Novice: 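My questions all concern the structure below.
Letters A, B, ... mirror the listed sequences (proteins, then strands); counts begin at 1. This one's a predicted model, so the numbers in the text were calculated from it and none came from an experiment.
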Amino acid sequence: MNISIDFDKCCGAGQCVLAAPDVFDQRDDDGVVVLLHPRPSAEQEENVRQAAALCPAAVIKVEQ
Amino acid sequence: MTTPGPSRVTVVGASAAGLSVVEGLRREGYAGSITWIGEETHLPYDRPPLSKQLLSGAWETDRLRLRDPGDFEALGVDLRLGARAVALDARKRTIALADGGLAGYDTLVVATGTRARRLPGTDGVAGVHVLRTVEDALALREALAGKPHLVVVGGGFVGAEAAAVARGLGCEVTLVTDTAQPMGGALGDELGSMLGNVHTEHGVHIETGAMAGQVLTDGGRACGVRLADGRTIAADAVLVGIGAQPNVEWLAGSGVPVGNGVECDATLYAGFGVWAAGDVASWLDPRTQEPVRIEHRTNAAEQGLAVARNILAGPECARPFDSVPYIWSDQYDLKIQIYGRSRGADEVRIVEGSLTDRRLIALYATRGRVCAAVGVNMARALRGYRAQVAEAAVVEVESAA
Ligand SMILES: Cc1cc2nc3c(=O)[nH]c(=O)nc-3n(C[C@H](O)[C@H](O)[C@H](O)COP(=O)(O)OP(=O)(O)OC[C@H]3O[C@@H](n4cnc5c(N)ncnc54)[C@H](O)[C@@H]3O)c2cc1C
Ligand code: SF4
């Protein structure tokens with residue numbers, strides 16, 4: 001799985017961190033997403049899909 | 001899967017909530033047919049940027065797309081855009097469309113959202129705007145390019161954001177709100193007055209505690225706003241931001257319970273094979289057993305996914321929808337974020353940062369229990385307080401400063 005992020009569109013909602021805390025974090029002030037692992041492990045994949053689905057700004061793209 | 005599940009799902013409303021239902025169904029393995037009906041002619045797009053990046057001109061409309069066009073083909077859905085549902089026959093399980101067509105279903109999801117409320121007598125009056133669709137935003141943006149004196153009626157999120165953008169574009173702006181502060185309903189007095197000060201520093205004239213009575217016109221064009229107390233404010237353009245109302249009229253007479261939205265049980269099920277998600281859904285909050293309806297972007301995505309899962313589980317095994325509401329607002333260089341329900345809180349305590357720094361986290365409580373956490377420019381740290389909201393934690397007693 002490969003994750004790409006359109007950082008410029010991120011609105012800092014943090015839904016991604018709630019769904020996949022091992023893969024995403026946020027910057028302090030504006031909450032813009034920080035990608036910890038561009039290629040997450042197999043057991044994190046479902047969480048990452050959940051994050052992509054819930055991200056309100058459609059920022060996270062997942063490619064297999 | 002033990003139960004056979006549905007074979008024909010129809011989703012009405014092609015925006016955030018509808019998209020989440022459709023994607024959720026496919027992601028959970030549903031291979032049956034999906035018909036997806038949307039009144040707007042555009043592929044699903046995002047509304048929060050309408051009052052922010054699109055209005056300011058930072059983004060063009062292609063940035064609003066929720067998915068790339070190819071993604072919809074991959075979903076394998078019969079997507080019918082520019083199609084408005086006008087009536088439902090819940091017995092025959094058919095939906096009548098405005099063009100005379102019919103669509104069937106065995107399971108229906110209502111995701112028709114809300115529309116902007118208008119001031120009476122303003123339909124078709126030139127210079128009067130609302131802000132709900134991409135067309136609305138582009139029309140307002142075009143008007144703002146002429147640097148009008150803009151009067152914003154309503155001090156909620158949309159009105160306050162548009163006021164900030166309009167100032168940034170060099171317009172003269174007056175904000176009329178019936179609360180004591182802009183966004184005072186959601187933020188309360190302390191944070192509301194901080195936000196009011198920020199607007200004032202940026203040159204917005206604020207009329208608080210003022211009800212707008214009527215839009216004044218001259219030759220069919222808006223020329224001012226008359227307040228309920230009789231005063232008038234001159235205007236070249238008026239933005240009416242007084243909230244939204246659910247799109248449920250097409251369900252009238254169908255037997256599907258509607259009131260303030262589609263009235264669902266705790267699992268977002270309304271009976272008759274009909275579910276609802278997003279701004280249009282009113283459901284029984286499993287914590288309070290009270291009906292609630294939430295107009296937040298993340299709620300639309302979360303409910304859509306929950307409905308997809310509940311459809312596949314079947315009404316008997318469906319799970320109650322429970323989440324911590326979340327909303328954000330961007331104004332000037334402030335990012336305001338709210339977890340939970342801050343309205344009506346009887347106590348506000350700043351737990352990190354300060355009002356003077358305009359960087360803070362405040363906990364809101366009712367009867368000693370945390371009901372919301374509000375952050376200003378402290379996005380990452382705020383997330384840490386979400387759990388206290390989820391648990392309705394008891395507010396720690398400390399001596400007042
Ligand atoms: C200007 C603006 C700014 C916002 N900013 C924020 C923000 O910063 N943060 C936040 O959390 N939320 C924000 N929101 C709220 C957020 O956009 C909504 O919660 C979200 O759009 C709800 O999605 P939905 O799919 O439930 O409904 P909607 O987005 O309202 O979509 C409903 C769709 O159904 C269609 N439809 C309606 N009736 C019919 C019918 N009879 N037949 C067929 N189709 C129909 C409509 O045309 C529409 O496309 C904002 C909203 C606006 C308007
Ligand atoms: S959920 Fe989306 S918008 Fe929110 S912080 Fe993560 S990437 Fe950004």
Novice: Determine whether more than 12 heavy atoms belonging to other residues, nucleotides or ligands lie under 6.0 Å from atom CD of Glu201(B).
Specialist: yes
Novice: Between Arg380(B) and Val17(A), is the side-chain contact (heavy atoms from CB on, under 4.5 Å) condition met? List the steps.
Specialist: CA-CA 10 Å; Arg380(B) 186 172 188 271; Val17(A) 190; over 6 Å; no
Novice: Would you find more than 12 non-hydrogen atoms of other residues, nucleotides or ligands less than 6.0 Å from Arg319(B) atom CZ?
Specialist: no
Novice: If you look at every heavy atom in Arg27(B) and Ala53(A), which pair is closest and at what distance?
Specialist: NH2-CB, 4.0 Å
Novice: Do any of residues 54-65 of chain B have a heavy atom less than 4.5 Å from a heavy atom of chain A, and if so, which, in residue order?
Specialist: Trp59(B), Arg63(B), Arg65(B)
Novice: Atom CG of Leu382(B) and atom CD of Gln26(A): how far apart are they, to the nearest 0.5 Å?
Specialist: 9.0 Å
Novice: Between Gly12(A) and Tyr326(B), which heavy-atom pair has the shortest distance, and what is it?
Specialist: O-OH, 3.6 Å
Novice: Could you check which of His296(B), Arg359(B), Lys52(B) has the highest count of heavy-atom pairs closer than 4.5 Å to chain A?
Specialist: Arg359(B)
Novice: Residue by residue, scan residues 29-42 of chain A and write down, ordered by number, those that have a heavy-atom distance under 4.5 Å to chain B; if none do, write 'none'.
Specialist: Asp29(A), Asp30(A), Gly31(A)
Novice: Using the test salt bridge (Lys or Arg N to Asp or Glu O under 4.0 Å), find all partners of Asp333(B) that sit at least two apart in sequence or belong to another chain.
Specialist: none
Novice: Below 4.5 Å, heavy-atom pairs only: which of Met378(B), Arg67(B), Lys335(B) has the largest tally toward chain A?
Specialist: Lys335(B)
Novice: Is chain B contacted by the side chain of Val59(A), its backbone, both, or neither, given a heavy-atom distance below 4.5 Å?
Specialist: neither
Novice: Is chain B contacted by the side chain of Ala19(A), its backbone, both, or neither, given a heavy-atom distance below 4.5 Å?
Specialist: neither
Novice: Can you tell which part of Tyr339(B) gets under 4.5 Å to a heavy atom of chain A, answering side chain, backbone, both or neither?
Specialist: side chain
Novice: In terms of heavy-atom proximity below 4.5 Å to chain A, should Glu302(B) be classed as side chain, backbone, both, or neither?
Specialist: both
Novice: Quick one: what part of Asp68(B) sits under 4.5 Å from any heavy atom of chain A, side chain, backbone, both or neither?
Specialist: side chain
Novice: Output the residues of residues 2-10 of chain A for which the shortest heavy-atom distance to chain B is under 4.5 Å, in residue-number order; output 'none' if no such residue exists.
Specialist: Asp6(A), Asp8(A), Lys9(A)
Novice: Taking all non-hydrogen atoms of both residues, which atom of Leu66(B) and which atom of Ala58(A) are closest, and how far apart?
Specialist: O-CB, 3.3 Å
